[in-house]
Amino acid sequence: MPGTCDNASHHGIRETTDMTLRLGLLGLTMLFSLAGHAQNLEKGKEINATCAGCHGEFGQGGSRGEYPRLAGLGAKYLESQLKAFRARTRVNIPMYPYTQERELPDEDIRDVAAYLASIELPTKWPVFKDSDDALTRLTMTERVMIIPRVPGNLANGEALYQKQCVTCHGKTGLGRGMFPMLAGQYTSYLKRQMEKYVKGERPHDEEGIGGLLNKLKEEDMQDILAYITTLQEQQ
Ligand code: HEC
Ligand code: HEC
């Protein structure tokens, strides 16, 4: 009949339109969040320009461990340390001004941490092609992260590490989540941190674990460090 309205089919159409709209919006949201993610890494790279002066362009660290390697450390761990520097629960005089809310808001901490975590540093010397120019060669070499072996009793280091450190720092020293990677980090930096933990200048997780390091003899620490330098090859 003309003029009567078939409610059922109208509803049907409206529902389909709603559905299409909703799916369309969902698609758009997904696209935006993907683009947002890419942008964050891009922004992280920009922020890293400030850090590069000390930690190197690729987060490779420098001055033989005065500046630690940051590339490939877990994002969660990097974030926690940046916040600890800001709050001065971990004292870092050179970095303190860079971590203030005004300089490095939480969002920037997330971006720069994500960016640094995404950088992979090769652990083998590159094989150059004849066509690689001097700059390419230099850049490829700069990224290479080979930690030289240090002397120590490897058997004792391995036994101690595998018994006391492995649950948090991992079998091959890669760490996870809030537990930092130790393999591939400068030995002098790790040693300095262990000394800080022992002196109580930096908290090593819960109190009990600081105690763990306090129980080690000085030779034991050296042996563990020596063992850690062998882990890179086992990964
Ligand atoms: C003026 C030099 C300097 C600048 C610039 C700098 N840092 Fe550092 N950073 C250091 C030093 C020195 C240490 C080691 C401190 C120590 O021995 O405890 C360090 C340590 C760190 C650590 C701890 C690493 C670990 O394994 O626990 C993180 C994370 C870090 N810096 C991130 C950054 C980021 C991100 C930026 C840029 C926003 C930055 N730093 C800028 C000097 C600097
Ligand atoms: C229960 C977990 C746990 C165990 C076991 C543990 N650690 Fe850690 N370790 C941590 C955490 C968490 C941190 C980061 C602390 C912070 O936030 O400052 C850390 C940090 C470190 C650092 C500093 C790394 C850096 O990049 O600054 C060194 C060095 C270290 N541990 C050595 C050891 C050694 C050696 C052992 C074994 C004797 C050990 N840890 C056992 C949890 C652990």
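Note that ligands are numbered from 1 as they come in the structure, with each ligand's atoms numbered from 1 the same way.
Scanning the protein heavy atoms around atom 24 (C) of ligand 1, the nearest turns out to be Tyr189 OH, 3.6 Å. Atom 28 (C) of ligand 1 has as its closest protein heavy atom Leu70 CD2, 3.4 Å. Protein heavy atom at the shortest distance from atom 34 (C) of ligand 1 is Cys51 SG, 3.4 Å. The protein heavy atom nearest to atom 22 (C) of ligand 1 is Phe85 CE1, 3.5 Å.
Residue Leu116 holds its CG atom at 6.0 Å from CG of Leu78, rounded to the nearest 0.5 Å.
Inclusion of Glu66 in the set of residues having an N or O under 3.5 Å from an N or O of ligand 1 is not warranted. Considering backbone and side-chain N/O of His55, one or more are found under 3.5 Å from N/O of ligand 1. For a threshold of 3.5 Å applied to N or O pairs, the pair formed by Arg192 and ligand 1 contains at least one separation below that value. Considering backbone and side-chain N/O of Arg90, none are found under 3.5 Å from N/O of ligand 2. Taking only nitrogen or oxygen atoms, main chain and side chain alike, Tyr77 reaches within less than 3.5 Å of ligand 2. Taking only nitrogen or oxygen atoms, main chain and side chain alike, Thr167 does not reach within less than 3.5 Å of ligand 2. Between Gln81 and ligand 2, an N or O atom pair is found at a separation short of 3.5 Å.
Under the 4.5 Å side-chain criterion, counting only non-hydrogen atoms from C-beta, Glu103 is not in contact with Arg86. Proximity of Tyr115 to Ile47: side-chain heavy atoms (C-beta onward) are nowhere separated by under 4.5 Å. Taking 4.5 Å as the limit, every side-chain heavy atom of Glu42 sits out of range of all side-chain heavy atoms of Asp111. Within the 4.5 Å cutoff, the side chain of Thr50 has no heavy atoms near those of the Leu104 side chain. In this structure, the side chains of Gln162 and Tyr227 come closer than 4.5 Å at one or more pairs of heavy atoms.
The side chain of Leu82, and not its backbone, has at least one atom closer than 4.0 Å to an atom of ligand 1 (non-hydrogen atoms only; side chain from C-beta on). At a heavy-atom cutoff of 4.0 Å, ligand 2 is contacted by the side chain of Pro180 but not by its backbone. With a heavy-atom cut-off of 4.0 Å, Thr99 does not touch ligand 1 at all. Using a 4.0 Å cut-off between heavy atoms, Met221 makes no contact with ligand 2 at all. At a heavy-atom cutoff of 4.0 Å, ligand 2 is contacted by no atom of Met181, backbone or side chain. Within the 4.0 Å heavy-atom criterion, the part of Pro68 lying near ligand 1 is the side chain and not the backbone. At a heavy-atom cutoff of 4.0 Å, ligand 2 is contacted by the side chain of Leu212 but not by its backbone. Only the backbone of Pro203 comes within contact range of ligand 2, with a heavy atom under 4.0 Å; no side-chain atom does. Here Tyr197 has side-chain heavy atoms under 4.0 Å from ligand 2, and that is the only part of it that gets that close. Within the 4.0 Å heavy-atom criterion, neither part of Leu160 lies near ligand 2.
Residue contact check: Thr50 has heavy atoms under 4.0 Å from atoms 5 (C) of ligand 1. For ligand 1, the atoms closer than 4.0 angstrom to any heavy atom of Lys196 are 16 (C), 17 (O), 18 (O). Less than 4.0 angstrom separates some heavy atom of Cys54 from each of these atoms of ligand 1: 1 (C), 2 (C), 3 (C), 4 (C), 5 (C), 43 (C). Residue Leu78 has at least one heavy-atom neighbour below 4.0 Å for each of these atoms of ligand 1: 29 (C). For ligand 2, the atoms sitting less than 4.0 Å from at least one non-hydrogen atom of Cys168 are 1 (C), 2 (C), 3 (C), 4 (C), 5 (C), 42 (C), 43 (C), numbered in the order shown with element in parentheses. Of all the atoms in ligand 2, the ones that sit under 4.0 Å from a non-hydrogen atom of Met194 are 29 (C), 35 (C). Interface atoms of ligand 1 facing Leu73, defined by a heavy-atom separation under 4.0 Å, are 26 (O).
Here atom 30 (C) of ligand 1 lies nearest to Met95 when heavy atoms of Met95, Arg202, Gln185 are compared.
Tyr189 and Val150 fall into different hydrophobic clusters, where Ile, Leu, Val, Met, Phe, Trp and Tyr residues are linked whenever their side-chain heavy atoms come under 4.5 Å apart, directly or through other members. Residues Leu70 and Leu121 fall within the same hydrophobic cluster, defined by Ile, Leu, Val, Met, Phe, Trp and Tyr side chains chained together at heavy-atom separations under 4.5 Å.
In summary, His169 places an N/O/S atom under 2.8 Å from atom 8 (Fe) of ligand 2, meeting the contact criterion. Distances from atom 8 (Fe) of ligand 1 show that Asn92 has no N/O/S atom below 2.8 Å.
For the residue pair Arg149 and Leu154, the shortest heavy atom distance occurs at NH1-CD1, 4.2 Å. Closest approach of Thr172 to Ala183, counting heavy atoms only: O-CB, 3.5 Å.
Just one residue in the list Leu190, Ile147, Asp223, Thr187 forms a side-chain contact (heavy atoms from CB on, under 4.5 Å) with Ile228, and that residue is Leu190.
Ring planes of Tyr67 and His55: perpendicular class, angle over 60° (limits at 30 and 60°).
Taking 4.0 Å as the cut-off, Gln193 counts as a neighbour of ligand 1 on heavy-atom distance.
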Audit row: Asn214, Tyr197, side-chain contact (heavy atoms from CB on, under 4.5 Å) steps and yes/no
CA-CA 8 Å; Asn214 280 297; Tyr197 288 137; over 6 Å; no
Asn40/Arg110 under side-chain contact (heavy atoms from CB on, under 4.5 Å): CA gap, chis, key distance, verdict
CA-CA 8 Å; Asn40 289 348; Arg110 268 196 302 275; over 6 Å; no
When you look at Asp106 and Glu79, which way does the side-chain contact (heavy atoms from CB on, under 4.5 Å) test go after all the steps?
CA-CA 9 Å; Asp106 285 358; Glu79 284 181 31; over 6 Å; no
Glu120/Phe58 under side-chain contact (heavy atoms from CB on, under 4.5 Å): CA gap, chis, key distance, verdict:
CA-CA 9 Å; Glu120 271 182 55; Phe58 316 105; over 6 Å; no
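Within 6.0 Å of NZ on Lys191 lie no more than 12 heavy atoms contributed by other residues, nucleotides or ligands.
Both the sub-6.0 Å distance and the 45° axial angle are satisfied by Arg88 relative to the ring of Tyr96.
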